[in-house]
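What follows is one structure encoded as structure tokens, with my remarks underneath.
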Amino acid sequence: MALYSEKVMDHFTNPRNVGKIDDADGVGTVGNAKCGDIMKIYLKIENDIIVDVKFNTFGCGSAIASSSMATELIKGKPLADALTLTNKAVAEALDGLPAHKLHCSVLAEEAIRAAIKDYYDRNGIEYDKTKFPDPSDEDEHHFEED
């Protein structure tokens, strides 16, 4: 059995939504110092809908594939839906990630949450702070598994 699924390889070799949104409404940056992966997500939001999303990721193939898939899963969706995206959903959409690469899907979830939090903060929008754990606390990486 191959280490990576065809979907992981496809999103790694042909990533979707790569780039930067210069006038982004929300930007989230997260990283994992242990593995060196850094993700930056840019959101363009209109009427609480994510109308555009881009990412820049410095990292391994799983990090790039997770970023690509996560952006595909939230593009065109309401912010409330994007906030429900879990690392498990990202990994499942990629037809799985090796156990030692699950942290990449966690970073994708955290980057999206950080970008939405940035949008809320910039616009003075009230939000439930419990939905936005501090991604700088590296011990807070929780992997949602079955």
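Just so it is clear, the structure is predicted and the values come from calculations on it, not from any experiment. All heavy atoms count here, side chains included; hydrogens, waters and symmetry mates do not.
Residues Pro98 and Lys101 form a side-chain contact, since some pair of their non-hydrogen atoms from C-beta on lies under 4.5 Å apart. By the 4.5 Å heavy-atom criterion applied to side chains, Val30 and Ile38 are not counted as neighbours. Cys60 is listed as a side-chain neighbour of Asp37, based on a closest heavy-atom distance under 4.5 Å. In this structure, Thr71 and Lys54 have side chains that are not in contact, with every pair of non-hydrogen atoms separated by 4.5 Å or more. Counting only heavy atoms from C-beta outward, the side chains of Val27 and Ile41 never approach each other to under 4.5 Å. Two residues are said to be in side-chain contact when any heavy atoms from C-beta on lie closer than 4.5 Å; Tyr119 and Ile125 meet this criterion. A heavy-atom distance below 4.5 Å is not found between the side chains of Asn56 and Met39. Contact annotation: the side chain of Tyr42 approaches that of Lys40 to within less than 4.5 Å [non-hydrogen atoms, C-beta and beyond].
When all heavy atoms are compared, the tightest approach of Tyr4 to Ser62 is CE2-OG, 3.1 Å. Across all non-hydrogen atoms, the minimal contact from Arg113 to Leu83 is NH2-O, 2.6 Å. The two atoms that bring Leu85 and Ala89 nearest to each other are CD1-CB, 3.9 Å, heavy atoms only. Closest of all the heavy-atom pairs between Ala70 and Val90 is CB-CG2, 4.1 Å.
Of the inter-residue distances, the one linking Lys88 atom NZ with Leu102 atom CG reads 11.5 Å to the nearest 0.5 angstrom. Between the CZ atom of Phe55 and the CD1 atom of Ile21 there is a distance of 12.0 Å, given to the nearest 0.5 Å. Going from atom CG of Leu97 over to atom CD of Glu92 covers 10.5 Å, rounded to the nearest 0.5 Å. Interatomic distance, CD1 of Ile74 versus CD1 of Ile50, reported as 4.0 Å (0.5 Å rounding). Atom CG of Leu79 is separated from atom CD1 of Ile49 by 7.5 Å, given to the nearest 0.5 angstrom. Atoms CE and CG, on Met9 and Leu94 in that order, are 12.0 Å from each other to the nearest 0.5 Å.
Linking ILVMFWY side-chain heavy atoms closer than 4.5 Å, directly or via other members, places Val18 and Ile112 in a single hydrophobic cluster. No continuous path of hydrophobic side-chain contacts links Val51 to Tyr120 [ILVMFWY only; heavy atoms under 4.5 Å].
Remark: side-chain polar atoms of Ser68 are not paired, donor with acceptor, to backbone N or O of Ile64 under 3.5 angstrom. Formation of a donor-acceptor pair under 3.5 Å by the Asp48 side chain with backbone atoms of Pro78 is not found in this model. Formation of a donor-acceptor pair under 3.5 Å by the Asn87 side chain with backbone atoms of Ala108 is not found in this model.
Residues satisfying the salt bridge (charged side-chain N to carboxylate O under 4.0 Å, His left out) test with Asp121, not counting sequence neighbours, are Lys117.
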Task: From CA spacing to verdict: salt bridge (Lys or Arg N to Asp or Glu O under 4.0 Å), Arg16, Asp10 - done: CA-CA 10 Å; Arg16 284 67 150 178; Asp10 181 40; 2.6 Å; yes
TODO: Check the pair Leu107, Ser66 against side chain to side chain contact (heavy atoms under 4.5 Å, CB included), reporting the backbone distance first and the verdict last.
DONE: CA-CA 8 Å; Leu107 285 175; Ser66 291; over 6 Å; no
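Atom CG of Asn47 sits in a sparse spot, with 12 or fewer heavy atoms from other residues, nucleotides or ligands closer than 6.0 Å.
The salt bridge (charged side-chain N to carboxylate O under 4.0 Å, His left out) pairs that include a residue from residues 61-76 are Asp52-Lys75, where partners are two or more places apart or lie in different chains.
Side-chain contact of Asp95 with Ser5: a donor-acceptor pair under 3.5 Å is absent, judged by distance alone.
Judged by the 6.0 Å distance and 45° axis criteria, Lys129 is positioned over the aromatic ring of Tyr127.
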